[in-house]
Each structure stands twice: as structure tokens, then as C-alpha cells.
Amino acid sequence: MTSQTITAAASGTWKLGDLTVNRIGFGAMRLPQHGEAFAADAMPRDRDQAISVLRRAVELGVNHIDTAAFYFSSLRCANELINQALAPYPDDLVITTKVGPGRDPSGQWLPHATPEQLRGQVEENLRQLGRDHLDVVNLRIVGTDSIAERFGALAELREAGLIRHLGLSNIRPHHLAEAQAIAPVVCVQNMYGIGASPEQKEFLRICGEQRIAFVPFYSIAGTGRTAGATTEDSSKVHAIARARGVSTAQIRLAWTLHQGPHVLAIPGTGDPDHLAQNVAAGSLRLSESEVSVLDRLHHEAA
């Protein structure tokens, strides 16, 4: 597969509110460092390499970048790298960020933001990105408690013009219903990939019915999570990848995109070759038999 000539346009498009994006995007979590994200001893990535990867992503048609102010290593901040690499921003580039979690300057996690603290987090993202508004802001949560106060605080910032569209991350279906009663939700960002729980598959379906983008994280990494992809892929995934002449990561991405036209992908990397492979995965059209094999593997692993 000649990934160098394949752009993100091959993956098709979806709308985040009134913003059209290609279904293959880019996640910035792993950009500030080598190795595991958020690890205290992670080695910062070379600035020039990180900037070149971001610029190459845009050259390859990526127009949806996922980031957060809490994506940083000892020397690198994802938002500031994005700003340096891509400002002035292309008109069609959509930057999605997350608020809720926070880290102190040493990298230690802080308690999730209160409704009052969310404005400060939004302003931090604006400052780092050099923007006067944020395209999409996801409220990321932990647990099952009500999100009405926190989401309501973001809805007020949307009304004030600091945020264009709102989304949610790491949530349950009842959170979506609660948020929708306050303001429109354009995307849900939850963990999903081969082996994800049946509950997440059902939630993916619910989002599709409501025309809400479902944006999986860890769709390649799976159980590797913040450490990145593991080497534990099934022999069946390897067999399909070999027959196609692609990587197992590309097969995982292709299967994820096959779950519905509203499913977006935001694989992240600091490696230019992996970037090109991830983008090229958007052009893969799996056969019915391949999907059937991967679906069975998904259900067995769930």
C-alpha cells in the first residue's frame, strides 16, 4: 500500500456541527514525548520532529486535530507545538480540545475542574493555541455523577463566543442525555476498538442515530492505552494485515471506521512513517469476510 500518496480525504467526511472534517484525524497526546504519555520520566520529543509531523499531517489532508492543555512533557506542550507548526491556521482546520482534567507544572494530576475552574482551562487552551475561540471543547469526566453544572458552565462559554461546539468524553449514555438537555453535543469521545465492551458498541449506535460523531480513543493502542500499541494482536489480525500488505494498526483503524459513517479516528504518533500509514488506513475498504473475522474477534475479546 503506497501510503505516501493517500490523503485523509480517502476516509470520507463527517460534520462536527457546521464544521466538516475528514474521518481520519490526528491525536496530539503522544506528540510532546517519546514513550508513554504522562510518564514522569518520559523523554521530550525533538521540537523540529514534532512540528514536521504536524505540518505533514495537514499536507496529508488531516483537518481534525485532537489536543488538550494537559498534553505536555517536561519541555513540550502539544498546544504550543500545534500553534508553532500551523498558525496562522488553515481555514478548514478543526482543533478539538478537552477540559476537566488538569496537571500541575510537575505533571502531577489535579482534581478534575469545578464549574468555576473550567473557564480558566478554556482560556489556557485559547492562550496556548493562539485562538480567540475554540472549535470544539469536550468535557472529559470520570465516574457516573451528574455533569449538568460542569456542562452548563461550558454552555455559557459557548454562548459567550469562546467555544463554537461542545462534546463529551469518557461518558455513559445518561450523561449524553443530560447534556443534550442543556446544549447541543456534536461528538462523544470514548475508548473503542477491537475488544471494546458491548455497552460501548450500543453507545456508538445511539450516537449514530442522533447524528453525533463517535470519536474513539485507543483504537490502535487497545490495552496499551497511554503507552501506545502493544504486540498482542491476534493471529487473525496479522493474517488480514499480511494479505493486504499493511500493518495491524491500519487494520484496526479500518475496522473502527467501518463501525459507522459517524465514527471518526484520531490516531496519534510522532513518527512520520506511522503518520502516513494511519492516514492511508482511511482508504482501506475491508471485505465482508474480513469484517466478519474481525467482528468475531471483537466479540470474543469483549
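These numbers were taken from a predicted model, which means no experiment stands behind them. Basis for what follows: all heavy atoms, side chains included, without hydrogens, waters or symmetry-related copies.
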So do [Y] and [X] actually touch side chain to side chain, heavy atoms under 4.5 Å?
X: L176; Y: V185; value: yes
X: L139; Y: S169; value: no
X: N138; Y: T97; value: no
X: I51; Y: Q84; value: yes

For this session: May I ask you to list the residues sharing a hydrophobic cluster with F72, side-chain cutoff 4.5 Å, ordered by chain and number?
Result: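 For F72, no cluster forms, as it stays isolated from other hydrophobic side chains.
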Exercise. Which ILVMFWY residues are connected to L264, directly or by a chain of links, through side-chain heavy atoms under 4.5 Å apart?
Worked result: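 Members other than L264 - counting any ILVMFWY side chain reachable under 4.5 Å - are W14, L16, L19, V21, V94, V136, V186, V215, I266.
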For residues 38-45, tabulate all N or O donor-acceptor pairs below 3.5 Å that involve a side-chain atom, not counting sequence neighbours.
from: R45; atom 1: NE; to: L31; atom 2: O; distance (Å): 3.1
from: R45; atom 1: NH1; to: H34; atom 2: ND1; distance (Å): 3.4
from: R45; atom 1: NH2; to: R30; atom 2: O; distance (Å): 3.3
from: R45; atom 1: NH2; to: Q33; atom 2: O; distance (Å): 2.9

Going by salt bridge (Lys or Arg N to Asp or Glu O under 4.0 Å), name the pairs with one or both residues in [range], residues two or more places apart or in two chains.
range: residues 8-18; answer: D18-R164
range: residues 129-142; answer: R131-D135
range: residues 74-93; answer: none

Exercise. Which residues pass the side chain to side chain donor-acceptor pair (under 3.5 Å) test with T67, sequence neighbours left out?
Worked result: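 T67: side chain to side chain donor-acceptor pair (under 3.5 Å) contacts with N79.
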Exercise. What ring-ring contact (aromatic ring centres under 6.0 Å, His included) pairs are there with at least one residue in residues 112-157, not counting sequence neighbours?
Worked result: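 Listed once each, the pairs would be none.
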For this session: Tell me, please, which residues at least two apart from F214 pass ring pair (Phe, Tyr, Trp, His ring centres under 6.0 Å).
Result: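 Listed in chain order: Y192.
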For this session: Go through the structure and list residues passing ring pair (Phe, Tyr, Trp, His ring centres under 6.0 Å) with F70, not counting sequence neighbours.
Result: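 W109.
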For this session: Could you check R296, E288, E290 and say which one makes a side chain to side chain donor-acceptor pair (under 3.5 Å) with S292?
Result: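 That would be R296; it is the only one of R296, E288, E290 passing the side chain to side chain donor-acceptor pair (under 3.5 Å) with S292.
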Exercise. Can you list every pair that meets side chain to side chain donor-acceptor pair (under 3.5 Å) and has a residue in residues 143-163, with sequence neighbours left out?
Worked result: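 Residue pairs with at least one partner in residues 143-163: S146-E178.
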Exercise. Between atom CG of L129 and atom CG of L81, what is the distance when rounded to the nearest 0.5 Å?
Worked result: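 Rounded to the nearest 0.5 Å, the CG-CG separation comes out at 10.5 Å.
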Closest approach of [X] to [Y] (non-hydrogen atoms, all atoms of both residues):
X: L110; Y: R103; value: CD1-C, 3.8 Å
X: G100; Y: Q121; value: N-OE1, 2.7 Å
X: A57; Y: L275; value: N-CD2, 3.6 Å

Problem set entry | Verdict with supporting geometry, V62 and N22, side-chain contact (heavy atoms from CB on, under 4.5 Å) | CA-CA 7 Å; V62 169; N22 291 323; over 6 Å; no
For this session: Might you confirm whether atom CZ of R211 has over 12 heavy atoms from other residues, nucleotides or ligands at distances under 6.0 Å?
Result: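 12 or below, so no.
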Exercise. How would you list, by chain and number, every residue that makes a salt bridge (Lys or Arg N to Asp or Glu O under 4.0 Å) with E199, sequence neighbours excluded?
Worked result: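 E199 satisfies salt bridge (Lys or Arg N to Asp or Glu O under 4.0 Å) with no other residue.
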For this session: Give a yes or no on whether a salt bridge exists between R55 and E59, defined as a side-chain N under 4.0 angstrom from a carboxylate O.
Result: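 No, R55 and E59 are not salt-bridged.
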Exercise. Under a 4.5 Å side-chain heavy-atom rule over Ile, Leu, Val, Met, Phe, Trp and Tyr, are L75 and I82 clustered together?
Worked result: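 Different hydrophobic clusters.
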Exercise. Which is it for I212 and Q180 under the side-chain contact (heavy atoms from CB on, under 4.5 Å) test, yes or no, and what are the steps along the way?
Worked result: CA-CA 11 Å; I212 295 170; Q180 289 277 64; 3.5 Å; yes
